[in-house]
Number of protein chains: 2
Amino acid sequence: MINTTWLRSFCTLVEVGHFTRTAERLHMTQSGVSQHVRKLEEQLGTELLVRQGKQFSLSGAGEKLYAEAQDILLALSNLEQTVGEDPPYEGTVRLMSPGSVGLKLYPHLLSLQSKHPKLIIDYRFAPNPDVEKAIAESTVDIGFMTAKSTLAEVSCTPIAQESLLLVTPATVEEPDWETLMTLGFIDHPDGSHHAGLLLGANYTEFQHSSLFPRKGFSNQIGLILEPVSLGLGFAVLPAHAVEAFEKSEGIKAHRLSHPVSETLYLSVPRNRSLQARMNTVIAEAKRWLNG
Amino acid sequence: MINTTWLRSFCTLVEVGHFTRTAERLHMTQSGVSQHVRKLEEQLGTELLVRQGKQFSLSGAGEKLYAEAQDILLALSNLEQTVGEDPPYEGTVRLMSPGSVGLKLYPHLLSLQSKHPKLIIDYRFAPNPDVEKAIAESTVDIGFMTAKSTLAEVSCTPIAQESLLLVTPATVEEPDWETLMTLGFIDHPDGSHHAGLLLGANYTEFQHSSLFPRKGFSNQIGLILEPVSLGLGFAVLPAHAVEAFEKSEGIKAHRLSHPVSETLYLSVPRNRSLQARMNTVIAEAKRWLNG
DNA sequence: ATTTATCATTACTTTTCGTAATCTTTTAAA
DNA sequence: TTTAAAAGATTACGAAAAGTAATGATAAAT
């Protein structure tokens with residue numbers, strides 16, 4: 001590894017053009033500067049200075065070294081100064097969650113970013129297993145999941161309840177079992193699970209969603225209600241996904257006698273102190289998930 | 001300045017998660033690793049590791065330090081490896097010249113760049129005084145000038161002759177003095193100087209260009225012949241600028257009995273060894289300026 | 001030609017670095 | 001609970017290096 005002290009002497013020398021004055025600038029002796037440059041040359045195995053008597057000019061390697069070293073030295077000294085800082089409204093925060101939460105949160109987090117432009121929101125939609133994996137591998141900072149993670153590296157705490165809703169086309173007044181079976185089921189990646197939870201608690205006729213007539217499928221959370229609004233079937237979805245659907249006139253969300261909700265968990269790396277900006281974003285998320 | 005040896009120990013520790021194994025990886029003792037981390041923390045005045053018994057996790061500052069330090073250390077080791085290299089077809093070459101030469105050279109240099117995509121051509125058009133200033137300040141690598149520089153830092157060597165041409169609208173067969181005076185003069189930044197050289201040697205009537213009827217001016221080298229091609233006046237220009245003019249049917253360049261040419265000088269920083277890519281570009285330039 | 005300014009070299013002092021040995025604490029096992 | 005082991009922290013010391021003062025050599029200035 002290049003010795004950065006020698007490198008700094010070399011760069012200062014290039015700027016000052018004078019060994020003695022460089023030494024003064026760096027609070028050392030001329031001899032020291034001379035040795036630093038020579039050691040650098042020895043280590044790199046290249047001439048850096050073309051010496052012409054007491055004058056010198058830069059060799060090709062010297063030019064290159066100086067040009068690139070400046071950036072590196074600057075980065076190093078910036079790092080030294082800023083490493084202790086922990087600004088709550090600056091830097092990138094990487095989140096990952098299943099679609100329904102994301103649909104709810106992402107717009108609010110973007111509006112947080114427009115208030116604090118240095119706070120960069122990186123939000124990815126993915127199913128639970130991907131979320132916990134990403135947290136464990138530290139490729140994201142904050143995750144939301146609809147089930148507790150089983151991984152040791154992931155710490156999960158409940159932060160909200162997501163109501164599950166039965167959604168039919170707006171034309172359906174009373175969603176009795178007969179009506180649902182006639183309509184057919186619009187499925188999504190968690191569709192079977194959600195349907196089991198909500199319909200199992202509200203319809204004695206329910207056995208398993210695989211017995212439904214299946215009328216469609218989408219893994220694009222924002223699009224699942226599209227076929228429902230066209231009268232093509234019914235779906236079971238978290239409330240957040242329903243709220244975010246734009247063509248709300250085409251659909252009807254039904255209040256069933258036995259409400260069912262899923263717990264939403266906040267997932268962060270266990271045993272790692274979060275930086276201030278993460279807490280900023282978590283606070284904002286809680287606000288909107290509970291409000 | 002942050003000690004990069006300590007920094008490397010810290011980064012390796014973060015990756016390995018284990019003091020003893022980090023020590024093995026770095027061919028040193030566990031005690032050394034421990035001290036390096038402690039010294040870093042002391043120097044930065046921040047906790048980097050949150051120690052939980054023999055486990056540890058990164059503090060906020062630790063995360064930040066690790067994230068940024070990796071890039072810096074990588075850059076340092078890359079620099080170490082590449083500083084001795086001097087590839088003739090890679091890197092940026094910054095040139096500056098007056099318009100006429102630029103008009104000639106720039107297309108050829110661009111085609112050189114398309115043959116060697118890593119060789120980046122940065123070509124700026126500017127008058128002689130700006131060129132020598134830029135060379136002296138090392139903001140460009142290679143300059144072309146139509147006069148020797150007076151600055152000590154700039155080394156000038158003649159590399160080509162630029163013929164000066166009298167250019168009139170195509171309708172003019174014989175450019176006698178009367179005709180020129182009727183047409184009027186289209187001026188440019190070096191117009192007066194060029195006219196003095198060429199017309200002074202060929203017309204006994206010539207006294208000074210300020211006595212011409214002045215019919216136009218442009219400092220955009222590619223556009224000076226525009227008014228000439230429209231029959232609005234005559235101009236005196238280096239041959240290269242004339243060759244590069246697209247609407248050549250509208251103009252006529254006249255061969256006078258006493259040809260005059262200007263010497264073109266290559267300007268480089270004095271006492272500085274040029275890198276290989278500079279010589280590549282200089283060779284290419286010579287080829288086209290003399291060919 | 002002489003003086004002065006500047007850089008290189010060398011011998012020596014001071015500082016820093018890294019290790020071995022030891023101590024302390026945590027974790028696991030008995 | 002006690003004991004054993006494993007891992008990191010601490011400390012003292014020898015080795016290495018960094019930096020200086022003194023000196024030498026050479027180029028520039030007068």
Side-chain angles (χ1 to χ4, degrees), chain A residues 1-44 46-59 62 66 69 73 76 80 152-153 270-273, chain B residues 1-59 62 66 73 76 80 152-153 270-273:
Chain A
M1 185 87 71
I2 294 179
N3 183 320
T4 51
T5 308
W6 302 349
L7 201 56
R8 181 166 49 93
S9 299
F10 170 72
C11 286
T12 308
L13 176 66
V14 172
E15 283 151 22
V16 172
H18 218 269
F19 281 72
T20 310
R21 265 172 250 157
T22 299
E24 284 165 14
R25 172 97 76 90
L26 297 177
H27 306 292
M28 55 192 290
T29 59
Q30 168 266 317
S31 165
V33 176
S34 188
Q35 289 178 65
H36 279 189
V37 174
R38 193 162 42 74
K39 283 173 182 171
L40 252 188
E41 288 180 322
E42 279 167 15
Q43 189 192 348
L44 297 174
T46 331
E47 293 266 290
L48 296 175
L49 302 183
V50 180
R51 286 153 231 254
Q52 297 129 346
K54 54 181 65 171
Q55 315 275 58
F56 66 87
S57 59
L58 287 180
S59 72
Y66 175 67
L73 292 179
L76 258 182
E80 183 173 5
E153 301 93 328
R270 187 181 300 283
N271 295 331
R272 183 170 298 185
S273 57
Chain B
M1 185 88 69
I2 294 179
N3 182 319
T4 52
T5 309
W6 303 348
L7 201 56
R8 184 167 48 92
S9 299
F10 170 73
C11 286
T12 308
L13 177 66
V14 172
E15 283 151 23
V16 172
H18 219 269
F19 281 73
T20 309
R21 264 171 253 158
T22 299
E24 285 165 16
R25 170 97 76 91
L26 297 176
H27 306 293
M28 54 191 291
T29 59
Q30 168 267 317
S31 166
V33 176
S34 190
Q35 289 178 65
H36 280 188
V37 174
R38 191 162 44 72
K39 283 172 181 169
L40 253 188
E41 288 181 321
E42 280 167 15
Q43 188 191 348
L44 297 173
T46 330
E47 292 267 289
L48 297 174
L49 302 182
V50 180
R51 285 153 232 251
Q52 298 130 346
K54 56 182 61 173
Q55 316 275 55
F56 67 85
S57 59
L58 287 180
S59 73
Y66 176 67
L73 292 179
L76 259 181
E80 182 174 8
E153 302 92 327
R270 186 181 301 283
N271 295 331
R272 181 169 300 186
S273 57

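All of these numbers come straight from a predicted model, not from anything done at the bench. Proteins come first, then strands; the chains are lettered A, B, ... in the order of their sequence lines, and each starts at number 1.
Phosphate proximity of C:dA8 to A:Arg51: present, with a side-chain N or O under 4.0 Å from OP1 or OP2. At the phosphate of C:dC7, OP1 or OP2 sits under 4.0 Å from a side-chain N or O atom of A:Thr20. A:Asn3 has no side-chain polar atom (N or O) that falls below the 4.0 Å cut-off from OP1 or OP2 of D:dA17.
Residues B:Leu49 and B:Glu41 share a closest heavy-atom pair of N-OE2, 3.1 Å.
Here CG of B:Leu48 is found 12.5 Å from CZ of B:Arg38. Values are rounded to the nearest 0.5 Å. Taking CG of B:Leu73 as the reference point, atom CD1 of A:Ile2 lies at 11.5 Å (rounded to 0.5 Å). Atom CZ of B:Arg21 and atom CD of B:Glu15 lie 14.5 Å apart (nearest 0.5 Å).
Side-chain to base pairing of B:Thr29 with C:dA20: no donor and acceptor N or O lie closer than 3.5 Å to each other. Checked by distance alone, B:Gln30 brings no side-chain donor or acceptor within 3.5 Å of a matching partner on the base of D:dA7. A donor and an acceptor atom never sit less than 3.5 Å apart when one is taken from the side chain of A:Thr5 and the other from the base of D:dA18.
Looking only at distances, no side-chain donor or acceptor of B:Gln30 sits under 3.5 Å from a matching main-chain atom of B:Ala23.
What separates CG of B:Leu7 from P of C:dC17 is a distance of 14 Å, to the nearest Å. Between the P atom of C:dC7 and the CD atom of A:Glu41 lies a distance of 14 Å, rounded to the nearest Å. The interatomic distance linking A:Phe56 (CZ) with D:dA27 (C1') rounds to 15 Å, in whole Å. We find that CD of A:Gln55 is positioned 17 Å from P of D:dT26, with the value rounded to whole Å. D:dA9 atom C1' lies 14 Å from atom CD of B:Glu47, rounded to whole Å. Summarising the geometry, the separation between CD on B:Gln52 and P on D:dA9 is reported as 13 Å, rounded to the nearest angstrom. In this structure, the CH2 atom of B:Trp6 is 9 Å from the P atom of C:dG18, given to the nearest Å.
Nearest-nucleotide positions on DNA chain D for B:Phe19 and A:Met28 put B:Phe19 closer to the 5' end.
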- Item | Stepwise side chain to side chain contact (heavy atoms under 4.5 Å, CB included) check, A:Leu58 with A:Val50 | CA-CA 6 Å; A:Leu58 287 180; A:Val50 180; over 6 Å; no
- Are A:Lys39 and A:Asn3 close enough, and set up right, to give a side chain to side chain contact (heavy atoms under 4.5 Å, CB included), and what steps lead you there? CA-CA 9 Å; A:Lys39 283 173 182 171; A:Asn3 183 320; over 6 Å; no
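Among the atoms of the strands shown, only primed sugar atoms or phosphate atoms (P, OP1, OP2) are found under 4.0 Å from some heavy atom of A:Arg21.
Using bins of under 30°, 30° to 60° and over 60° for the plane-to-plane angle, the ring pair A:Tyr66/A:Phe10 lands in the perpendicular bin. A tilted orientation is assigned to the rings of B:His36 and B:Trp6, their planes being inclined by 30° to 60°.
Near DNA chain D, meaning a heavy atom under 4.0 Å from it, residues 32-40 of chain B has B:Ser34, B:Gln35, B:Arg38 in order of number.
Remark: the A:Thr20 side chain and the A:Glu24 side chain contain no N/O donor-acceptor pair separated by less than 3.5 Å.
The side chain of A:Ser31 has C:dT10 as its nearest neighbour among C:dA20, C:dT10, C:dT6.
For the helix from C:dA1-D:dT30 to C:dA30-D:dT1, the angle separating the two terminal helix axes comes to 20°, with each axis derived from five pairs and the value rounded to 10°.
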